[in-house]
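I have placed the structure first, in the form of structure tokens, so that the comments after it can refer back to it.
Atom set for the values below is all heavy atoms of this structure, side chains included, hydrogens, waters and symmetry mates excluded. The model shown is predicted, which means the values in this text are computed figures rather than measured ones.
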Amino acid sequence: MKSSNYYFKKIIAIITVFSVSIILSSCDSANETTENKEAKKEYDREYIEETLNLANNPDRKWKYDKDTDSWTLSEVSAVAYPQIPEKQGVSVCVPGRYVKGIDTDGDESEDVDFQSYDQEVGGNLVIDDEAQITSKNGQTYTAETAPVIFDIKNENYDAVSNPIASTEFADEGYISVVCGTRGKNDKAKNSEKKEVFTGDSPFAIVDTKNAIRFVRYNQLLGNLPGSADHIVAIGTGAGGTLAALLASTGNSTEYYPYEVEAGAVGIYDNKDGTYTNTVVIDDIDMGITDGVWGCMADAPDASLTEAEMALAFEYNLDNSHYYRSHFSEKLAGYLSKEYMNHINELGLKVSESLVALDINADGDTDDEIELKIEYSTSKYPYTRGYGGSYVDLYAELYLSSLQNCVDELSYRTDITWFHSGHKPMTDAQVLAMTQKAKTRAFLDGRYATPNAGKNKNKSDGSISGQTKESKKLSKDHTDFDELLEEYNSDINEIKNGDKYSKNIVDLIDPIKQIGKDSVDEAAWSVISVGTARSDISLLDSLNLHIAMLNEEIDSVLDWKWSVDQTSSFEFRQSVPLRVDEMFGKHVEDAVQITKPAEVIQKVNGKGKKPNGEKLKDFVKMDYYGKLDAELKDLIRIRTSAGTNSIPSFDVFDYDGLDFVFGSETKDARHWDEHLLKVMTENETYLKPIFDIENK
């Protein structure tokens, strides 16, 4: 792991060449066809760099928004050889104070400024190097030092065309970027002019990496403001997975063939098994990377390799959990054992000081703990026999996340508080509430928030069991043999590799990628997951957190509590605070940013009745307002408050879960060797149950 000062420095007069073991496929034809000549453009360095120099793009347009004082670039191609042009573009939003105006005639002086602007205009930005913007948190930025926010939105995957950058962070002094990405249902032409699904390759992450290279290249050229050293990826859901991947795979050679294929800037195939990873600016070679400085990943599917068995293990810890079928219960048991063996084989370790927890309960946080899962029905009777240091860490983090939630209640001003009789408190009573009183009301469920109650199983706010459903286990498979045959065929196809001999599931797994040689990981990360999510395992995010900590990434794991799945700030509102904090922590001479002071709630909310979860039977509060709970009770809350009635490992049809990666009919979340292994090894026991219950 490199120090934060290392990241993305401009390497001058050095050509950085990375060796890789993969050899690109080539045409066997001896004749130089027109098609081959056209294809050569994507590997021609001069052509790519000239094409992707924003100053040379005749289609670039700038639009000014007076309400946010910002200039937004129309979508332009992020690559020189786009396969689906309407999905491989990039747009940038620049705070107005960094811009003197737009140069429309190429004389390097502004011809249109914010005062004379009346319609979208073509030309180059004239950047004001002296301008400063101070964020709401007190961090001051210039056009050269401003952080760059790569906003990875879920809706981009289904968009008809490239999105336009948001003006959301302009007043904070940030540069905002958004890019298009090819998804699982997109169709394109391959080199043989045949129609193919782009979901058969990891193009979502590749397209984002290509856009990062484009922005960084044009910053080095002076076409765009912002710090090339301080790019931050933020995203939710599938976008959160991509954000985590970007933080784990900076400049990874694994993605080079795909980047070269699209004509990305600053990555060129030398045709001898090596790649050149520089750009030429003013006749000087300058290093360039597709990595990020930081990431904020909300609800990422961190590891598809571990996802199924991790979720099964987590649900299986609850002795009282209701499974909708006997087959599901048996499968969960087998997957739990597989997960225990998997974790123990990894040899995971973590320093107590890094997670700020006394995992071994010896009174300090000075130890490095070997994380293991144990099995003993006599020692751990209430969690189906599972325990050990790994489970202890999970329980400690789980409880601390709940404690953080109640500690941050004083930052919320939109809560409606109620008496025990469900009558709203008066404004005066709310103003007089102590932190301890708010904690007690929270545990009683005597509150309502604007977004609460949307993911509940019962309208009265009580913890409830999973919805009992009576339907076939699979609508696509008639029997277990057919199911197993299809899974086996699909997974073997993935293992055999794509056209570049890559296992495409591994390429979207940050845990499989992090820590590889020559990879530049991010300096910091935030991983957020809602505790009531039933289709994403908390253990999956925990494993990614541990991997990041062990690679010296300043990682924060945020398991969000409360019924509206937020901590003290909404995810997007927390972006400026976290970025400003990390800038102060990791950038020399920056201002040290601290959390804002608590906000006093003077007026009660407008809720009509309580809709909070009732946790008092599961969680205890001591005299000082501190919380305590046993794992069996915490996991009961986790499983019974899930938003989905069926966990993902219990869905056997490919269309049960959607993910940006896959194909039109295949879901990548089931391309799991561990799931196949468990079903194959236990076929004798699982087959008769499946065949009976699937009728």
message = Between N316 and Y323, is the side-chain hydrogen bond (donor to acceptor under 3.5 Å, both in side chains) condition met? List the steps.
response = CA-CA 10 Å; N316 204 44; Y323 292 93; 3.2 Å; yes
ask   = Do you know which of V678, N344, L311, L539 makes side chain to side chain contact (heavy atoms under 4.5 Å, CB included) with Y339?
value = L539
message = What I want to check is whether the side chains of T289 and N251 have a donor and an acceptor closer together than 3.5 Å.
response = yes
task = List the steps and the verdict of side-chain contact (heavy atoms from CB on, under 4.5 Å) for N543 and S303.
result = CA-CA 9 Å; N543 294 345; S303 171; over 6 Å; no
ask   = Would you say S474 and L483 make side-chain contact, with heavy atoms under 4.5 Å?
value = no
inquiry  = I need the E254 CD to I205 CD1 distance, nearest 0.5 Å.
reply    = 12.5 Å
request  = For the pair Y398 (side chain) and L634 (backbone), establish whether a donor and an acceptor sit closer than 3.5 Å, ignoring hydrogens and angles.
outcome  = yes
query = For the atom pair NZ (K209) and OG1 (T249), what is the distance rounded to the nearest 0.5 Å?
reply = 3.0 Å
message = Assess the residue pair L484 and F690 against the criterion (side-chain contact (heavy atoms from CB on, under 4.5 Å)); give the C-alpha distance rounded to whole Å, side-chain angles, the decisive distance to 0.1 Å, and a yes or no.
response = CA-CA 11 Å; L484 205 58; F690 183 93; over 6 Å; no
CD (E368) with more than 12 external heavy atoms under 6.0 Å = yes
key: Side-chain heavy atoms of E314 within contact of T639, under 4.5 Å   = no
query = Between atom CG of N360 and atom CG of L393, what is the distance when rounded to the nearest 0.5 Å?
reply = 11.5 Å
ask   = Strictly by modelled atom types, are D318 and S320 linked by a side-chain donor-acceptor pair under 3.5 Å?
value = yes
query = Stepwise, does the side-chain contact (heavy atoms from CB on, under 4.5 Å) test hold for D479 with N694?
reply = CA-CA 7 Å; D479 56 40; N694 195 46; over 6 Å; no
query = Is any NZ, NE, NH1 or NH2 atom of the basic residue among K677 and E681 found under 4.0 Å from an Asp or Glu carboxylate oxygen of the other?
reply = yes
request  = With rounding to the nearest 0.5 Å, note down the distance linking CG in D633 to NZ in K620.
outcome  = 7.5 Å
inquiry  = Between the side chains of K502 and D506, is the shortest nitrogen-to-carboxylate-oxygen separation below 4.0 Å, so that they form an ion pair?
reply    = no
key: E493 CD: over 12 foreign heavy atoms closer than 6.0 Å   = no
message = Using a 3.5 Å distance criterion without hydrogens, assess whether the side chain of S489 forms a donor-acceptor pair with backbone atoms of E486.
response = no
query = Could you state the interatomic distance from CG (L242) to CZ (F150), rounded to the nearest 0.5 Å?
reply = 12.0 Å
inquiry  = Tell me if the NZ atom of K495 is crowded by more than 12 foreign heavy atoms within 6.0 Å.
reply    = no
request  = In plain terms, say whether R213 and E259 are close enough for a salt bridge, that is, a side-chain N and a carboxylate O under 4.0 Å apart.
outcome  = yes
inquiry  = Can you see whether E345 engages N341 through a side-chain donor-acceptor pair at a distance of less than 3.5 angstrom?
reply    = no
note = The reported gap from CD in E352 to CD1 in I369 (rounded to nearest 0.5 angstrom) is 4.0 Å
query = For D362, does the CG atom sit with more than 12 other heavy atoms under 6.0 Å from it, leaving out its own atoms?
reply = yes
inquiry  = Can you confirm whether F313 sits close enough to E306 that some side-chain heavy atom of one is under 4.5 Å from a side-chain heavy atom of the other?
reply    = no
inquiry  = Can you tell me how the ring of Y258 sits relative to the ring of Y500, calling it parallel under 30°, perpendicular over 60° and tilted otherwise?
reply    = perpendicular
query = Considering all heavy atoms of both residues, which atom of D554 and which atom of M582 are nearest to each other, and what is their separation?
reply = OD2-SD, 3.8 Å
query = Charged N to carboxylate O under 4.0 angstrom, E261 versus K499?
reply = yes
inquiry  = Is it true that, when you exclude E630 itself, more than 12 heavy atoms of the residues, nucleotides or ligands shown sit nearer than 6.0 Å to its CD?
reply    = no
task = Take atom OH of Y380 as the centre, draw a 6.0 Å sphere, and report whether it contains more than 12 heavy atoms from other residues, nucleotides or ligands.
result = yes
request  = Show your working on side-chain contact (heavy atoms from CB on, under 4.5 Å) between H230 and V579 and close with a plain yes or no.
outcome  = CA-CA 10 Å; H230 301 108; V579 171; over 6 Å; no
key: Under 3.5 Å side-chain donor-acceptor pair for Y256 and D290   = no
